[in-house]
Amino acid sequence: MGSQQRLKLGVLISGRGSNLQALIDACADPAYPAEIVLVLSNKAGAQGLLRAKEAGIATAIVSHRDFATRESFDASVTAKLRDANVELVCLAGFMRVLTPSFVDAWRDRLINIHPSLLPAFPGVDTHARALQAGVRMHGCTVHYVRNDVDSGPIIVQAAVPVASGDSEDALAERVLAAEHRTYPLAVRWIAERRTRIIDERVVIDGVDGVAPSILSPDQALLPTVLADRHVRLVPMELSHADALADITVASGVAKLMTDPLSTRESVHRWVRAALNLRAGGTSLPFVVLDAATGAVVGTTRLGNWSAGDRRIEIGWTFYAPNAQGTSINPAAKRLLLEHAFETLGCVRVELKTDARNARSRAAIAKLGATEEGILRRHTRLADGTWRDTVYFGITDAEWPAVRARLDERLGLGSDRQRRAR
Ligand code: GAR
């Protein structure tokens, strides 16, 4: 993405600036659709100003002490933001209450991150108050700003469970880690023009249902819908078993999978096993629908989730013969990889296949995944024989290049640019 199209951010801080740093790090990726053009602090000594300078970002200090009224302070901040051509204002630990005229001037172009699951615990000392209240679930919220303190349409939330005996510091640290994943995600969605506010609720294109907005990166995977103009990946249900059996039994497309799914019963068993894994929080099985027709054309999955390692596998995939060689598979892979790297914060995504399955190996290599080696006599197949398994991997560092390649294949590059204009 060329620099012209990137959304121009102004980040307002008062202190440490660790959320600012998360945004700086996200913007360092040339494919990230936003850039920071100004960091403004109301405190001259804010550590965040040093972070900005280190990253070569313009800074401004507007001290509230220099102004007789809140209105005049806010007007001066607005002037600085306008001078820098800021398009979206991100409050990142900015500890001043803004006037209604500021909030109105930047309506729907002003967002905030807050360390609680709003509307619980607006204001300060959120972690102490959460512990005091005995909540089981705490977290953070990114929201558009309205006039009441810490209020406005919610873009994304990350839930962080409270452990028994948690200290305020320990809880704050885990919430802060969630904040650092959440803020860049919310900014990305806005920069990609995917958010709309309807009746003061935020709708995000391509993100359906509740799961991604209760992003729980350290915990179990949560079922979600992933969609673009080619495909819709919807959480697998038992009711999909017949449609999947219609595909595998007749065509034999799953014959090189661990279970060839050659009978209807075996497909039903396989779907039930998938749903059990999902209930355990380690797997997200999807059926793949053709976006144009709504027909079930196959299945794919994120599985073997290792939360501590931030590692996941894409696999358990098959498609109906008429969907093979179309945009369906690359589009589904793009959505799964995006979910893995950008929502779940993965550092590694694995793909593996039977070493004899040349077609599957070629398809994985074409994604830009690195072939990492063959594990011999690795998996026992349904017929009792042993297969050698070839492992591929994509790391977080490689993801931008893989994404660019997939966008190219899917013709998304030009789409995004059109939308950004
Ligand atoms: C963050 O926890 C942020 O959510 C909070 O201040 C901290 C700033 O830390 N913001 C609010 O409480 C807003 N009501 P940082 O300077 O390291 O990003």
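Atom set for the values below is all heavy atoms of this structure, side chains included, hydrogens, waters and symmetry mates excluded. One-based numbering, in listed order, for ligands and for the atoms of each.
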Within-shell test, Asp150 vs ligand 1, heavy atom, strictly < 4.0 Å: yes

How about Glu173: does its CD atom have over 12 heavy atoms from other parts shown lying under 6.0 Å from it? no

Considering only the protein, which heavy-atom contact is closest to [atom], and what is its distance?
{"atom": "atom 5 (C) of ligand 1", "answer": "Pro115 CD, 3.7 Å"}
{"atom": "atom 18 (O) of ligand 1", "answer": "Asn19 N, 2.9 Å"}
{"atom": "atom 16 (O) of ligand 1", "answer": "Gly17 N, 2.7 Å"}
{"atom": "atom 8 (C) of ligand 1", "answer": "Gly93 CA, 3.6 Å"}
{"atom": "atom 15 (P) of ligand 1", "answer": "Ser18 N, 3.3 Å"}
{"atom": "atom 3 (C) of ligand 1", "answer": "Glu179 OE1, 3.3 Å"}
{"atom": "atom 10 (N) of ligand 1", "answer": "Ile113 O, 3.5 Å"}

Looking only at distances, can you tell me whether any N or O atom of Leu176, backbone or side chain, sits closer than 3.5 Å to an N or O atom of ligand 1? no

Can you list the ligand 1 atoms lying under 4.0 Å from a non-hydrogen atom of Met95?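 This gives 11 (C), 12 (O) as the contact atoms.
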
Taking only heavy atoms of Arg16 into account, list the atoms of ligand 1 that are under 4.0 Å away from them. 9 (O), 15 (P), 16 (O), 17 (O)

Below 4.0 angstrom, N of the basic side chain to O of the carboxylate: do [X] and [Y] qualify?
{"X": "Glu338", "Y": "Arg188", "answer": "no"}
{"X": "Arg146", "Y": "Asp104", "answer": "no"}
{"X": "Lys366", "Y": "Glu408", "answer": "no"}
{"X": "Arg310", "Y": "Asp396", "answer": "no"}

Checking heavy atoms under 4.0 Å, the part of Leu91 that sits near ligand 1 is neither

Would you give the length of the straight line joining atom CD1 of Ile328 to atom CG of Leu410, rounded to the nearest 0.5 angstrom? 10.5 Å

Close aromatic pair by centroid cut-off 6.0 Å: His143 and His114: no

Donor-acceptor side-chain pairing of His180 and Ser18 below 3.5 angstrom: yes

